[in-house]
Amino acid sequence: MKKTIIFTMITVLTLSACDNSVSSIESSSADSSSGTTSATGTTNTSGSSQKGSSSSSGTITSSSESESFTYSADGGTNIFEISSEISSVTISGLSSGKNIFLTKTNPSSSTISAGSTRTVASATGISLSSGDSISSDSSSTGSSPSSHGYGGPRHCLSLSLNKKLPQEEESSSRSASSSISAVTPAVYTQSDVGNATRSIYVDQDSDISTFKAQTATLRALGQYCYVWVLDDNWTFSSASGEKIDSEIAGNIAENFDTMYDKIRNVFGEESDNLAANTSLSSTLPMENYSETGTIVNIVIYDIGKDFSNGTNSGDIVGYFYAKDYFALSNASSVYKYSNKGKYFYVDGYFAVNYTSTVYSTLAHEFQHMIDFGVKSMEKGLSSSTAHNEMKSMLCEDIMSETLSEIDENFTTDDTPVSRLPMFNRHYADVGLEYKSSSPEVYYSYSNNYAFGSWLVRNYGGVQLLHEIAVNSYVDEKAILAALTERNESAQSMEELLKAYSVACVISGEGSGFANEPSRTDNTLNGCEYSLSPIDLWNLASALPETYSECKDSTNYYKFDGPLLYGYNRQIELRPYGITLQKIGTASSDSVTINFNTSGFSSKQKVYVVVE
């Protein structure tokens, strides 16, 4: 059975300006009541990432109007918006057997309670649907995701560790740059491999909260990286005989080198400076103040000290910790454990047993390092956890083809596509946000990847991802600014979520998740990338190993396509979240759908979709 894999990004900042920059966009149209309708083919777009957990019903509205639409057989999927005033809608021109869906979106950063959502009260001309069968594994019960296939449940632990520093640390470090000593970075050669050592601060517990300096030996040397292995992990387990040997260390260095320029081409460059104070207003050149210069250090050891007698009780495969980018004198907090350079960390157990997935981890964590440099060090911004993790998963996504070319054992099961079975089951339990408690943390990662993967496949591929990564915004503002820059058709949260929700109920080759960006969109500065089509309705084919191990034991692997709730269900709408319902199947050429007429929030957007 494959293990759950956890990627961790930890950023520790005290940036008041950054906090203000991560503002949420509540589109003014989210509270509007236009009666406009659309009967066009599906436009495939999606919503943006933004955390927000406050519960708000918005304006409680009553409705009294009826509306009539004519189905257009030439328009492909027909999408009819149901404004707040509409109490019933009649659709004519249908044929018996047409599937009719209801999608609801929340283009705001506050939660809409279940009782404040719109729903179908009754209908005529339709064989009503009770929705997909859901067993007792609902959101918080049943088997823990961490006990099943490593693919879907992979997540980071960054939110719980993204804590503020004491105020006195900020004040005591303002003049730190004047008291930090310059150093001459070591320049290692192949002859140093197996001989050179250095003392590196590494974590001592699963909370990544205590640190100790331990000796590591240089075990591989790449063009852009050093691979260090703690001495007590070189022979990883005498009980099992597992080793982090020269081949493993060398492959990690080689594969990181292969991805290095391709990742920087899309996401920007990691910072070559160290922060001299916690506000990032003063920096020092890393080449003069880091003992390893501007080389990336990959440190392999037993993360969380959770390996014993050949077994591993923990799930963290790797992490980036921004503390290492700070060079503070007299630090009293976690900054005093800074390794002062470019560092990320990989767990020895996974390096031995899940080597292919570790290669994907390298891409994931490198994006976190770059994001800290581009958004925080350069622009004084701070990406939310949800948005940052989305980008790291998309970094894995665009590097999947490269990794499959350099590692014959690398498959789709090692990619973030393996998160999508959980999205199919639990998309309604979280929105485009990050919830740190288990099991919702797993759902957060699956939702944010699903949205991001859909977004880039329909609105500009790698070129859009590049704009999001390097522009002067974070979170949903970064996405909307990138869409505007590229003059894409959807440029608001409302438009994105509308098309995203439709893509989650209508399967179709060459559309929605199954769309493949053009070669132009997936070429950046002469470098080609790949974003393969995804069939949400046939994930078992894409993920044979995950499904063979997990399908029978875990309910969230049973759904072919996203879970469809019954026609009259009311489900809480999380921030930038969606709900998908099947109203039923048309039994005549004209159907009438009646909605609840009072007590609902006007913040939600409601659409009837005819396949």
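The chain is numbered in sequence order, starting from 1. Since we're looking at a predicted model, the values are computed, not measured.
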Less than 6.0 angstrom separating the ring centers of Tyr443 and Phe423, yes or no? no
For residues 450-474, pull every pair meeting salt bridge (Lys or Arg N to Asp or Glu O under 4.0 Å), keeping only residues two or more places apart or in separate chains. Asp397-Arg457
Carefully, step by step, assess Ser418 and Asp413 under the rule side chain to side chain donor-acceptor pair (under 3.5 Å). CA-CA 6 Å; Ser418 58; Asp413 291 272; over 6 Å; no
When rounded to the nearest 0.5 angstrom, what is the spacing between CD1 in Ile100 and CD1 in Ile593? 5.0 Å
Quick one: pull up NZ in Lys603 and OG1 in Thr117 and give me the separation to the nearest 0.5 Å. 15.0 Å
Is the cationic atom of Arg118 (NZ for Lys, CZ for Arg) positioned less than 6.0 Å from the six-membered ring centroid of Phe600 and within 45 degrees of its normal? yes
Should Val505 and Leu564 count as side-chain neighbours, where that means a heavy-atom distance under 4.5 Å? yes
State which residue, out of Val502, Thr105, Leu497, Ile82, fulfils the side-chain contact (heavy atoms from CB on, under 4.5 Å) condition with Tyr607. Thr105
For Glu433 and Tyr576: C-alpha separation, side-chain torsions, deciding distance, then whether side chain to side chain donor-acceptor pair (under 3.5 Å) applies. CA-CA 8 Å; Glu433 57 185 325; Tyr576 304 112; over 6 Å; no
Do Glu572 and Arg574 meet the salt-bridge criterion of a basic N to acidic O distance under 4.0 Å? yes
Determine, stepwise, if the pair His368 / Asp371 fulfils side chain to side chain donor-acceptor pair (under 3.5 Å). CA-CA 5 Å; His368 285 319; Asp371 179 84; over 6 Å; no
In the structure I gave you, are the side-chain heavy atoms of Ser92 and Asp589 within less than 4.5 Å of one another anywhere? no
Quick one: NZ on Lys104 to CZ on Arg569, what's the gap to the nearest 0.5 Å? 9.5 Å
Test item: Leu563 and Leu580 side chains (from C-beta on) under 4.5 Å apart, heavy atoms: no
Heavy-atom check, side chain of Phe559 versus side chain of Leu539, under 4.5 Å: no
Take Ser113 and Ser116 through the test side chain to side chain donor-acceptor pair (under 3.5 Å) and record every step on the way to the result. CA-CA 5 Å; Ser113 65; Ser116 298; 3.0 Å; yes
Does the distance from a Lys or Arg side-chain N to an Asp or Glu carboxylate O, for Lys98 and Glu611, drop under 4.0 Å? no
Can you tell me how far the OG1 atom of Thr385 sits from the CG atom of Asp475, to the nearest 0.5 Å? 9.0 Å
Determine the interplanar angle of the Phe513 and Tyr500 rings, folded into 0 to 90°, and report it as parallel if under 30°, tilted if 30 to 60°, perpendicular if over 60°. tilted
Worked check of side chain to side chain contact (heavy atoms under 4.5 Å, CB included) between Asn522 and Leu531: CA-CA 8 Å; Asn522 273 345; Leu531 285 166; 3.6 Å; yes
Atom OH of Tyr565 with >12 non-hydrogen neighbours under 6.0 angstrom: yes
Side chain to side chain contact (heavy atoms under 4.5 Å, CB included) evaluation trace for His387 with Ile479: CA-CA 10 Å; His387 182 77; Ile479 294 169; 4.0 Å; yes
To check you understand the geometry: which heavy-atom pair defines the closest contact between Asn471 and Ala481, and what is its length? ND2-CB, 3.8 Å
